[in-house]
S.K.: 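Got a structure for you, written out below as structure tokens; questions coming shortly.
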Amino acid sequence: GSINVSVTGANAIPAGATAAVLNVTAVNASAPGFLTVYPEDSTRPLASNVNYVAGQAVANRVVVPLSTTGGSLGEISVYSSQSADVVVDVSGYFSAAGGTGSQFNAEAAPVRICDTRLQSPSNVCTGKSVGPGGTLTLNVAGLAGVPAKATAVVINLTGVTPPEDTFLTVFPGPRLPPTSDLNLSAGDVRANLVVAKVSSNGTISIANGDGITNVVVDVLGWY
């Protein structure tokens, strides 16, 4: 089955946006399956965006065009091959050509700026694993070529072997939003693409739900 979701208006995405950047999570799946996200006014493609197994919460970052016709303007459809709950978090959007969107600047190769594991090469995060309910604040401006004027960074966020099920949320601070960017089961090593707004101080914060979790941050580019 599928559901239609309006992502413009109340979610701070303007009506003229051409595509949305979303974090889509499958929760409480009844059996192994997949989600496909696509414009509401288009035929469902054969691709999958999130592949899940029963009983796990699994997320993935999705860039999807928005519908452009009639009463479905600015909507997406989410198809699930099995019975499951779905969570959609809005990360940002792309504007039409000539709009106000900032240009993406890609790294020549991913640059690792943070690895909290004790055995990792020495870096600004070595030994700073994130405790239950804890937050790690990381300066990104000036690292990996990210300029002070950057408004957002694109990172690969990896959570490493938490002792219990947890989730990670990346945000500019100070207020923690009620969303997740990465969902982890106990013992997992799992990654997700994150488009994170940078604070006025040039930082991002990474909040952890439960257990003591190691995190790895690789910068892919910035806006």
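These numbers were taken from a predicted model, which means no experiment stands behind them.
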S.K.: Ignoring hydrogens and angles, tell me if any N or O in the side chain of Thr213 forms a donor-acceptor pair with the backbone of Pro162 under 3.5 Å.
M.R.: no
S.K.: Answer yes if Leu136 and Val146 sit in the same cluster of Ile, Leu, Val, Met, Phe, Trp and Tyr residues linked by side chain heavy atoms under 4.5 Å apart, and no otherwise.
M.R.: yes
S.K.: Could you list the residues that satisfy salt bridge (Lys or Arg N to Asp or Glu O under 4.0 Å) with Asp218, not counting sequence neighbours?
M.R.: Arg112
S.K.: Check salt bridge (Lys or Arg N to Asp or Glu O under 4.0 Å) between Asp41 and all other residues, then give those that pass, not counting sequence neighbours.
M.R.: none
S.K.: Give a yes-or-no answer on whether the side chains of Thr8 and Tyr93 include a donor-acceptor pair shorter than 3.5 Å.
M.R.: no
S.K.: Is there side-chain contact between Phe171 and Thr135, with heavy atoms separated by less than 4.5 Å?
M.R.: yes
S.K.: Identify all side-chain donor-acceptor contacts of residues 137-145 below 3.5 Å with residues at least two apart in sequence or on another chain.
M.R.:
from	atom 1	to	atom 2	distance (Å)
Thr137	OG1	Ser205	OG	3.1
Asn139	ND2	Ala141	O	2.8

S.K.: Are Leu182 and Val195 grouped together when hydrophobic residues (ILVMFWY) are joined by side-chain heavy atoms under 4.5 angstrom apart?
M.R.: no
S.K.: Is a side-chain N or O of Thr36 found less than 3.5 angstrom from the main chain of Tyr79, in a donor-acceptor match?
M.R.: no
S.K.: Nearest 0.5 Å, what's the CG-CG distance between Asp115 and Asn123?
M.R.: 6.0 Å
S.K.: Indicate yes or no: at least one non-hydrogen side-chain atom of Thr43 is less than 4.5 angstrom from one of Tyr38.
M.R.: no
S.K.: Indicate yes or no: at least one non-hydrogen side-chain atom of Val217 is less than 4.5 angstrom from one of Leu157.
M.R.: yes
S.K.: With a 4.5 Å cut-off on side-chain heavy atoms, are Tyr223 and Val154 touching?
M.R.: yes
S.K.: I want to check something: taking the side chain as every heavy atom from C-beta on, are Leu168 and Val130 in contact at a cut-off of under 4.5 Å?
M.R.: no
S.K.: Can you tell me if Asn23 uses its side chain to pair, donor with acceptor, with the backbone of Ser180 under 3.5 Å?
M.R.: yes
S.K.: Could you name each residue pair satisfying disulfide bond (SG atoms under 2.5 Å apart) that touches residues 105-176, not counting sequence neighbours?
M.R.: Cys114-Cys125
S.K.: Decide yes or no for Ile113 and Val124: does some side-chain heavy atom of the first lie under 4.5 Å from some side-chain heavy atom of the second?
M.R.: no
S.K.: More than 12 foreign heavy atoms under 6.0 Å from CD1 of Ile212: is that the case here?
M.R.: no
S.K.: Could you tell me whether a side-chain N or O of Ser80 sits under 3.5 Å from a main-chain N or O of Gln82, the two making a donor and an acceptor?
M.R.: yes
S.K.: Taking the side chain as C-beta and beyond, is there a heavy-atom pair between Thr25 and Asn183 under 4.5 Å?
M.R.: yes
S.K.: Side-chain atoms of residues 57-68: list all donor-acceptor pairs with protein atoms under 3.5 Å, sequence neighbours left out, distances to 0.1 Å.
M.R.:
from	atom 1	to	atom 2	distance (Å)
Asn60	ND2	Asn49	O	2.7
Arg61	NE	Leu193	O	2.7
Arg61	NH1	Ser91	OG	2.5
Arg61	NH2	Asp181	OD1	2.5
Arg61	NH2	Leu193	O	3.3
Ser67	OG	Ser72	O	2.1
Ser67	OG	Gly74	N	3.2
Ser67	OG	Glu75	N	2.8
Ser67	OG	Glu75	O	3.3

S.K.: Kindly indicate whether the side chain of Ile204, heavy atoms from C-beta on, has any atom under 4.5 Å from the side chain of Ile155.
M.R.: yes
S.K.: Check the side chains of Thr126 and Ser122 for a donor-acceptor pair under 3.5 angstrom, ignoring hydrogens and angles.
M.R.: no
S.K.: Once side-chain hydrogen bond (donor to acceptor under 3.5 Å, both in side chains) is applied, what residue pairs with a partner in residues 162-171 remain, sequence neighbours excluded?
M.R.: Thr166-Asn208
